[in-house]
Amino acid sequence: MQILHKVSLEQVFVLDIETVPCVGCHDELNDMLQLLWEHKCHALRREKGWHSSAADVEPLPDHLHATSLFEQAGIYAEFGKVVCISVGCFFFDKQEERWRFRVKSFADHDEKAMLREFAALLARKPNYLLCAHNGKEFDFPYLGRRLLINGLQLPPQLDVAGKKPWEINHLDTMELWKFGDRKSYTSLALLAAMFGIPTPKDDITGADVARVYYTDNDLPRIVHYCQKDIITTARLLQKFRGEEPFGDEAVMYADELSAVMRRV
């Protein structure tokens with residue numbers, strides 16, 4: 001893709017976020033949020049083919065009750081929160097004449113503290129572009145909304161209100177793969193398989209994150225999962241540029257896991 005050769009890889013932050021419901025279960029929501037979640041559930045039920053008129057003759061299936069649907073709350077910024085942000089950046093090793101990839105993760109039970117630290121990084125590098133898989137529809141708007149909800153200032157890269165689509169230069173590997181086809185959704189795992197990018201299959205999936213966070217209380221495991229996704233996204237970006245992706249030995253972690261998780 002020629003457009004990607006106009007972008008300096010050394011000025012790109014590749015990122016991924018992991019999100020969970022704002023509380024451990026539906027019953028922990030306050031009364032107002034329970035009511036508003038029930039309103040949200042009406043739309044979710046329609047998406048699943050259930051219409052309110054059906055309730056007149058059939059009982060609501062268990063999996064469509066508000067308490068069951070709350071498992072999906074983490075994907076909505078109004079009912080979820082961010083628990084991990086992994087960021088990676090390319091740098092060219094002149095001595096070895098190859099690309100390396102530096103990884104850093106922000107993870108904290110205190111979402112506001114984590115977002116403040118992440119926003120400070122972006123503010124220090126205002127000319128850096130953001131790159132994520134499905135970032136324009138999920139990661140970027142989710143981060144912007146949660147920053148505002150937490151009373152934090154938007155960094156330049158996320159302060160996009162009022163800008164025209166062509167004025168927002170962030171990269172989205174899923175959008176790049178669409179080639180103008182607005183109907184398709186292609187997962188990162190599928191693209192990795194198509195391009196021969198290795199992805200470990202011995203860990204959690206996105207559907208497991210809330211359980212691992214609230215039940216297992218294992219935030220380091222979520223960090224590890226999140227870091228693997230940005231490494232895969234970065235390699236996919238190189239494939240789109242017609243380049244051979246960096247190997248595992250080229251990945252450098254800004255901190256050991258214990259240091260990254262110092263506040264947990």
Side-chain angles (χ1 to χ4, degrees), residues 1 3-22 33 36 40 73-91 101-178 180 182 185 188 206 209 223 226-227 229-230 233-234 236-237 240 254 260 263:
M1 296 181 179
I3 190 173
L4 294 180
H5 288 279
K6 299 178 182 179
V7 175
S8 170
L9 284 184
E10 292 183 300
Q11 289 195 314
V12 175
F13 281 137
V14 182
L15 65 84
D16 184 50
I17 67 175
E18 300 304 330
T19 66
V20 299
C22 58
L33 283 179
L36 294 171
K40 181 70 175 177
I75 65 174
Y76 304 104
E78 301 81 6
F79 296 99
K81 68 175 184 177
V82 183
V83 295
C84 178
I85 309 169
S86 288
V87 182
C89 58
F90 293 90
F91 70 98
F101 192 67
R102 182 181 291 114
V103 174
K104 178 177 177 60
S105 290
F106 303 88
D108 202 322
H109 299 301
D110 184 342
E111 183 191 36
K112 185 173 183 177
M114 177 187 62
L115 289 174
R116 182 186 292 113
E117 189 175 352
F118 168 72
L121 170 66
L122 297 193
R124 290 196 300 269
K125 303 288 185 179
N127 295 323
Y128 274 50
L129 302 181
L130 304 182
C131 174
H133 192 73
N134 198 30
K136 290 186 177 181
E137 291 191 6
F138 182 68
D139 304 73
F140 308 153
Y142 200 111
L143 285 167
R145 291 163 185 158
R146 293 308 302 174
L147 282 160
L148 291 180
I149 288 171
N150 280 280
L152 299 172
Q153 185 173 351
L154 293 172
Q157 296 90 335
L158 295 175
D159 194 1
V160 297
K163 291 187 177 180
K164 298 177 176 61
W166 55 87
E167 294 176 328
I168 303 172
N169 298 319
H170 300 322
L171 302 174
D172 185 329
T173 48
M174 190 176 83
E175 182 182 71
L176 290 167
W177 183 248
K178 286 182 176 181
R182 296 297 171 184
Y185 173 88
L188 180 61
V209 170
V223 171
C226 193
Q227 289 176 342
D229 270 2
I230 64 166
T233 302
L236 182 61
L237 185 63
F240 285 178
V260 172
R263 295 184 303 272

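Results of the side chain to side chain contact (heavy atoms under 4.5 Å, CB included) test with His170 over Leu130, Leu15, Val12 single out Leu130 as the only residue that passes.
You'll find the side chain of Asn169 stays beyond 4.5 Å of the side chain of Val7, heavy atoms only. Side-chain contact between Val20 and Glu18 is absent, with no heavy-atom pair separated by less than 4.5 Å. Using a 4.5 Å cut-off on side-chain heavy atoms (C-beta onward), Ile168 and Phe140 make no contact. In this structure, the side chains of Leu115 and Phe106 stay at 4.5 Å or more apart for every pair of heavy atoms. The shortest distance between side-chain heavy atoms of Tyr76 and Thr19 does not fall below 4.5 Å. In this structure, Val209 and Cys226 have side chains that are not in contact, with every pair of non-hydrogen atoms separated by 4.5 Å or more.
Not a single donor-acceptor pair under 3.5 Å links the side chain of Asn150 to the backbone N or O of Leu152. In this structure a side-chain-to-backbone donor-acceptor pair under 3.5 Å is present from Gln157 to Leu122.
Legend: residues meeting salt bridge (Lys or Arg N to Asp or Glu O under 4.0 Å) with Arg116, ordered by chain and number and at least two apart, are absent. In this structure, Glu10 has no salt bridge (Lys or Arg N to Asp or Glu O under 4.0 Å) partners at least two apart in sequence or on a different chain. Shown here are the salt bridge (Lys or Arg N to Asp or Glu O under 4.0 Å) partners of Lys40, two or more places apart in sequence or in another chain: there are none.
For Gln11, the CD atom is densely surrounded, since the number of other residues' heavy atoms within 6.0 Å is greater than 12.
Heavy atoms only, all atoms of each residue included: Pro155 and Ala123 are closest at CB-N, 4.3 Å. The two atoms that bring Gly144 and Leu158 nearest to each other are N-CD1, 4.3 Å, heavy atoms only. For the residue pair Gly88 and Phe101, the shortest heavy atom distance occurs at CA-CZ, 3.4 Å. Of all the heavy atoms in Leu188 and Leu236, the pair that sits closest is CD1-CD2, 4.0 Å.
Applying the side chain to side chain donor-acceptor pair (under 3.5 Å) rule to pairs touching residues 121-130 yields nothing, sequence neighbours excluded. Residue pairs meeting the side chain to side chain donor-acceptor pair (under 3.5 Å) criterion with at least one member in residues 132-148, sequence neighbours excluded, are Glu111-Arg146, His133-Thr173, Lys136-Glu175.
Rounded to the nearest 0.5 angstrom, Leu176 CG and Cys131 SG are separated by 7.5 Å. Taken from CG in Asp172 to CZ in Phe138, the straight-line distance is 12.5 Å, to the nearest 0.5 Å. Taking CD1 of Ile17 as the start and CG of Leu143 as the end, the distance is 4.5 Å to the nearest 0.5 Å.
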Would Thr233 and Asp16 count as a side-chain contact (heavy atoms from CB on, under 4.5 Å) here? Give the steps.
CA-CA 9 Å; Thr233 302; Asp16 184 50; over 6 Å; no

Enumerate, atom names and distances included, each donor-acceptor pair closer than 3.5 Å involving a side-chain atom of residues 77-86, sequence neighbours excluded.
{"from": "Lys81", "atom 1": "NZ", "to": "Tyr213", "atom 2": "OH", "distance (Å)": "3.3"}
{"from": "Ser86", "atom 1": "OG", "to": "Ser105", "atom 2": "OG", "distance (Å)": "2.7"}

